[in-house]
*Asks:* 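Encoded as structure tokens, here's the structure I'll be asking about.
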Amino acid sequence: MNQAVFLDRDGTIIEEKHYLRRAEEVVIFPGAVSALARLQSAGFKLFIVSNQSGVGRGYFTLAEVEQVNDHLVGQLGRGGIRFEKIYIAPEAPDATSHGRKPSPRFLLDAREEFDLDLARSYMIGDKLSDLECGWNAGVKKSILVRTGYGAEQERTTADQLARAVVVSDLSAAADWILGTKS
């Protein structure tokens, strides 16, 4: 069975832009490419799992989300990064959704499709819902990055982060995973 790292997109891999809708606004965090490359070289399959409620709220279209994702994949691809799949939950928070984090649905789907061992896999994100998604799926560890909304989450939900690892950014998350990989 394969190991995986599931990543939130906005605030984790790229700068949080508050309802990002245009590819030209994508800014990849410093160190993100090398962090992803190190994880990939260590044998982890990479996935993006992203709530995109701006679609459900009518702020932008699913096609615009896909354009942003295509641009991101192209940029990261120049560094040799390959994502197995990108999972998007386009529903608004109050709408019915099977995949919207903290639901583990996309991680469970990936487990079946890509023969993953979730107990040897990780979830990285900048919100409590990202961590809960990982916990709900039974990943080895959920990791909060302080980029994006992460520092605010650490301040406001510290009591709920006891099971999480909290690090400065994606590069530090990769360091932690690779330093503890068994």
*Asks:* Which residues pass the side-chain hydrogen bond (donor to acceptor under 3.5 Å, both in side chains) test with Glu154, not counting sequence neighbours?
*Replies:*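 Only Arg146 meet the side-chain hydrogen bond (donor to acceptor under 3.5 Å, both in side chains) criterion with Glu154.
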
*Asks:* Go through the side-chain N and O atoms of Arg9 and Asn69 and say whether any donor and acceptor fall under 3.5 Å apart.
*Replies:*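 Asn69 and Arg9 do have a side-chain donor-acceptor pair below 3.5 Å.
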
*Asks:* Could I get the full list of side-chain hydrogen bond (donor to acceptor under 3.5 Å, both in side chains) partners for Glu24, not counting sequence neighbours?
*Replies:*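 Once residues adjacent in sequence are excluded, the partners of Glu24 under the side-chain hydrogen bond (donor to acceptor under 3.5 Å, both in side chains) criterion are Arg22.
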
*Asks:* Contact between Leu72 and Asp70 at the side-chain level, heavy atoms closer than 4.5 Å - yes or no?
*Replies:*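 The answer is no, as the side chains (C-beta and beyond) never meet within the 4.5 Å cut-off.
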
*Asks:* Sequence neighbours excluded, which residues qualify as salt bridge (Lys or Arg N to Asp or Glu O under 4.0 Å) partners of Glu152?
*Replies:*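 Salt bridge (Lys or Arg N to Asp or Glu O under 4.0 Å) check on Glu152 returns nothing, list empty.
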
*Asks:* Minimum heavy-atom separation for Glu16 to Gly148, with atom names?
*Replies:*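 It is CB-CA, 4.2 Å.
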
*Asks:* Within the distance-only criterion (no hydrogens, no angle test), does the side chain of Thr157 pair as donor or acceptor with the backbone N or O of Gln160 below 3.5 angstrom?
*Replies:*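 No: the side chain of Thr157 does not pair with the backbone of Gln160.
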
*Asks:* Going through the distances and angles, do Lys45 and Gln3 end up as a side-chain contact (heavy atoms from CB on, under 4.5 Å)?
*Replies:* CA-CA 6 Å; Lys45 293 192 175 295; Gln3 297 177 91; over 6 Å; no

*Asks:* Check salt bridge (Lys or Arg N to Asp or Glu O under 4.0 Å) between Glu113 and all other residues, then give those that pass, not counting sequence neighbours.
*Replies:*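 Testing Glu113 for salt bridge (Lys or Arg N to Asp or Glu O under 4.0 Å), a comparison that skips the adjacent residues, returns Lys85.
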
*Asks:* Could you check whether any side-chain N or O of Lys17 sits under 3.5 Å from a backbone N or O of Gly11, counting only pairs where one atom can act as donor and the other as acceptor?
*Replies:*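 No, because the side chain of Lys17 does not come within donor-acceptor range (under 3.5 Å) of the backbone of Gly11.
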
*Asks:* Measure across Ser97 and Ala89 and return the closest heavy-atom pair with its distance rounded to 0.1 Å.
*Replies:*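 It is OG-CB, 4.3 Å.
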
*Asks:* Val68, Leu46: one ILVMFWY side-chain cluster at the under-4.5 Å cut-off?
*Replies:*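 Yes: a chain of side-chain contacts under 4.5 Å links Val68 to Leu46.
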
*Asks:* Show the numbers, then the answer: is there a side-chain contact (heavy atoms from CB on, under 4.5 Å) between Val5 and Ile124?
*Replies:* CA-CA 7 Å; Val5 176; Ile124 304 172; 3.6 Å; yes

*Asks:* Can you give me every donor-acceptor pair (side chain of residues 125-134, partner residue at least two apart or in another chain, under 3.5 Å) with its distance?
*Replies:*
residue: Asp126; atom: OD2; partner: Tyr149; partner atom: N; Å: 2.8
residue: Asp130; atom: OD1; partner: Lys101; partner atom: NZ; Å: 2.6
residue: Asp130; atom: OD2; partner: Asp126; partner atom: N; Å: 3.0
residue: Asp130; atom: OD2; partner: Lys127; partner atom: N; Å: 3.0

*Asks:* About how many Å separate CG of Leu7 and CG of Leu36, when rounded to the nearest 0.5 Å?
*Replies:*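 Spacing of CG (Leu36) from CG (Leu7) equals 6.0 Å.
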
*Asks:* What residues form a side-chain hydrogen bond (donor to acceptor under 3.5 Å, both in side chains) with Asp117, not counting sequence neighbours?
*Replies:*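 Asp117 satisfies side-chain hydrogen bond (donor to acceptor under 3.5 Å, both in side chains) with no other residue.
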
*Asks:* Under the side-chain contact (heavy atoms from CB on, under 4.5 Å) test, which residues partner Pro30, sequence neighbours left out?
*Replies:*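 If we apply the side-chain contact (heavy atoms from CB on, under 4.5 Å) test to Pro30, skipping adjacent residues, there are no hits.
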
*Asks:* Would you call Gln75 and Ile28 a side-chain contact if the rule is heavy atoms closer than 4.5 Å?
*Replies:*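 Yes, at least one pair of side-chain atoms sits under 4.5 Å.
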
*Asks:* In chain order, what residues pass the salt bridge (Lys or Arg N to Asp or Glu O under 4.0 Å) check against Asp10, with sequence neighbours excluded?
*Replies:*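 None.
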
*Asks:* Linking I/L/V/M/F/W/Y whenever any side-chain heavy atoms sit under 4.5 Å apart, do Phe29 and Leu178 land together?
*Replies:*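 Cluster IDs for Phe29 and Leu178 differ.
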
*Asks:* Identify, with sequence neighbours excluded, every residue that meets side-chain contact (heavy atoms from CB on, under 4.5 Å) alongside Phe60.
*Replies:*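 Only Tyr19, Arg21, Gln52, Val55, Glu64, Val65 meet the side-chain contact (heavy atoms from CB on, under 4.5 Å) criterion with Phe60.
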
*Asks:* Against Arg100, only a single residue in Ser53, Ser50, Pro90 fulfils side chain to side chain contact (heavy atoms under 4.5 Å, CB included); can you say which?
*Replies:*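 Of the listed options, the one satisfying the test is Ser53.
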
*Asks:* Under 3.5 Å, side-chain donor or acceptor atoms of residues 166-173 against the rest of the protein: list the pairs with distances, not counting sequence neighbours.
*Replies:*
residue: Asp169; atom: OD1; partner: Ser171; partner atom: N; Å: 3.3
residue: Asp169; atom: OD1; partner: Ala172; partner atom: N; Å: 2.9
residue: Ser171; atom: OG; partner: Arg38; partner atom: NH2; Å: 3.4

*Asks:* Ignoring hydrogens and angles, tell me if any N or O in the side chain of Ser121 forms a donor-acceptor pair with the backbone of Ala4 under 3.5 Å.
*Replies:*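 Side chain of Ser121 to backbone of Ala4, a donor-acceptor pair under 3.5 Å: yes, one is there.
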
*Asks:* Scan Leu39, Ile143, Val165 and name whichever one has a side chain to side chain contact (heavy atoms under 4.5 Å, CB included) with Tyr122.
*Replies:*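 Exactly one option meets the side chain to side chain contact (heavy atoms under 4.5 Å, CB included) with Tyr122, and it is Ile143.
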
*Asks:* With sequence neighbours left out, what residues match Asn136 under side-chain hydrogen bond (donor to acceptor under 3.5 Å, both in side chains)?
*Replies:*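 Per chain and number, Asn136 pairs via side-chain hydrogen bond (donor to acceptor under 3.5 Å, both in side chains) with no residue.
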
*Asks:* Mind checking who shares a hydrophobic cluster with Phe106, ILVMFWY linked at side-chain heavy-atom distances under 4.5 Å?
*Replies:*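 Under the 4.5 Å side-chain rule, Phe106 groups with Phe6, Phe47, Val49, Tyr87, Leu107, Leu108, Phe114, Leu116, Leu118, Met123, Val139.
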
*Asks:* How far apart are the C-alpha atoms of Leu76 and Phe83, what are their side-chain angles, what is the distance that settles it, and do they pass the side-chain contact (heavy atoms from CB on, under 4.5 Å) test?
*Replies:* CA-CA 9 Å; Leu76 293 173; Phe83 289 97; 3.5 Å; yes

